[in-house]
Amino acid sequence: MNNDAKKAVLRMIPYGIYVLTADDGKGNIAAATVNWVTQSAFAPPLVVMGVKADSGTYKIVKAAQVFALNMLGKEQKNLAFTFFRPADVSEGKISGQPFRKGQTGAPILIDAPGAVECRVTAVVEQGDHHIVVGEVVEAHLQKPITGRPDAAILEMKDLGDNVFYGG
Ligand SMILES: Cc1cc2nc3c(=O)[nH]c(=O)nc-3n(C[C@H](O)[C@H](O)[C@H](O)COP(=O)(O)O)c2cc1C
């Protein structure tokens with residue numbers, strides 16, 4: 001295989017940017033910026049995401065069996081960069097960001113324009129990132145969206161010419 005072609009072609013896949021959060025109920029809270037996310041079924045509503053198998057986030061999601069995907073708005077690049085680093089919880093905030101517990105117990109970022117809460121239904125353990133399948137059990141919209149919902153959210157290409165996760 002031509003590795004340069006593999007890298008370039010896989011980087012043609014467009015991605016949104018999300019903050020994955022989870023709380024294992026034992027004092028461990030995860031919040032990580034992820035892009036390997038998509039919906040994969042209507043009924044039941046399923047999402048899948050690729051989660052780094054050796055990350056703290058993966059451990060907490062597996063223990064919690066629930067997670068939230070927080071959407072980021074076009075203007076929230078700073079939040080994307082904040083959650084590329086391991087999360088730190090203090091004074092009731094995750095890495096300085098206010099949050100509340102959702103119906104499943106997963107943290108919902110107050111400033112996120114939307115979020116879904118999911119129950120883990122399967123994990124596919126292949127490669128250095130494992131696929132976590134989640135059934136959407138609750139959804140939060142900060143305020144009604146005008147226009148296309150997907151036009152309102154932050155995308156990988158908004159983060160600059162040198163930011164990629166893929167290839
Ligand atoms: C542009 C970009 C995209 C990322 N996408 C993912 C992803 O889809 N899945 C993932 O597990 N980690 C992804 N990461 C890495 C996580 O953001 C990072 O490992 C995490 O925030 C560190 O937290 P932890 O190791 O404490 O869990 C991405 C990082 C960058 C810079």
Side-chain angles (χ1 to χ4, degrees), residues 6-40 46-99 101-102 104-136 150 153-167:
K6 179 207 68 162
K7 194 167 162 182
V9 174
L10 287 175
R11 286 182 173 184
M12 287 174 171
I13 300 173
Y15 294 109
I17 295 286
Y18 316 90
V19 180
L20 163 62
T21 53
D23 181 343
D24 69 2
K26 294 180 189 135
N28 303 304
I29 291 183
T33 300
V34 297
N35 64 295
W36 283 344
V37 172
T38 190
Q39 181 169 1
S40 64
L46 297 178
V47 293
V48 294
M49 54 185 186
V51 186
K52 201 162 175 259
D54 64 2
S55 66
T57 298
Y58 180 68
K59 209 178 280 171
I60 295 170
V61 168
K62 286 251 281 196
Q65 290 292 299
V66 292
F67 63 88
L69 278 171
N70 297 269
M71 311 294 149
L72 293 182
K74 276 277 179 234
E75 310 308 320
Q76 293 181 312
K77 277 184 215 174
N78 58 328
L79 290 198
F81 285 100
T82 294
F83 293 108
F84 286 143
R85 296 180 293 274
D88 134 77
V89 182
S90 65
E91 296 169 10
K93 294 183 176 177
I94 313 178
S95 300
Q97 293 304 311
F99 71 100
K101 261 180 191 278
T104 62
I108 307 297
L109 299 181
I110 305 288
D111 293 340
V116 286
E117 293 182 66
C118 304
R119 292 196 180 283
V120 175
T121 58
V123 177
V124 183
E125 299 182 353
Q126 284 185 26
D128 57 2
H129 287 60
H130 292 174
I131 297 172
V132 177
V133 184
E135 178 174 346
V136 176
D150 58 358
I153 78 143
L154 189 63
E155 293 167 78
M156 179 71 88
K157 65 181 184 221
D158 300 324
L159 296 180
D161 290 347
N162 299 315
V163 181
F164 289 102
Y165 202 77

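Whatever order the structure lists ligands and atoms in, that order sets their numbers, starting from 1.
Using a 4.0 Å cut-off between a side-chain N of Lys or Arg and a carboxylate O of Asp or Glu, D23 and K101 qualify as a salt bridge. Electrostatic pairing of K157 and E155 counts as a salt bridge here, judged by a charged N lying under 4.0 Å from a carboxylate O.
Counting only heavy atoms from C-beta outward, the side chains of I29 and P107 approach each other to under 4.5 Å.
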Short N or O separations between ligand 1 and the protein, below 3.5 Å:
from: ligand 1; atom 1: 5 (N); to: N35; atom 2: N; distance (Å): 3.4
from: ligand 1; atom 1: 5 (N); to: N35; atom 2: OD1; distance (Å): 2.7
from: ligand 1; atom 1: 8 (O); to: N35; atom 2: N; distance (Å): 3.0
from: ligand 1; atom 1: 8 (O); to: N35; atom 2: OD1; distance (Å): 3.3
from: ligand 1; atom 1: 8 (O); to: W36; atom 2: N; distance (Å): 3.0
from: ligand 1; atom 1: 9 (N); to: G50; atom 2: O; distance (Å): 2.9
from: ligand 1; atom 1: 11 (O); to: K52; atom 2: N; distance (Å): 2.7
from: ligand 1; atom 1: 14 (N); to: T33; atom 2: O; distance (Å): 3.4
from: ligand 1; atom 1: 17 (O); to: T33; atom 2: O; distance (Å): 2.8
from: ligand 1; atom 1: 21 (O); to: F83; atom 2: O; distance (Å): 2.8
from: ligand 1; atom 1: 21 (O); to: F84; atom 2: O; distance (Å): 3.3
from: ligand 1; atom 1: 27 (O); to: G56; atom 2: N; distance (Å): 3.3
from: ligand 1; atom 1: 27 (O); to: T57; atom 2: N; distance (Å): 2.8
from: ligand 1; atom 1: 27 (O); to: T57; atom 2: OG1; distance (Å): 2.6

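Counted by atom type alone, E135 and T121 present zero donor-acceptor pairs between their side chains at under 3.5 Å. Side-chain polar atoms of W36 and Y165 form no donor-acceptor pair below 3.5 angstrom.
For the side chain to side chain contact (heavy atoms under 4.5 Å, CB included) test with P113, the passing option among Q76, E75, K74 is Q76; the others fail.
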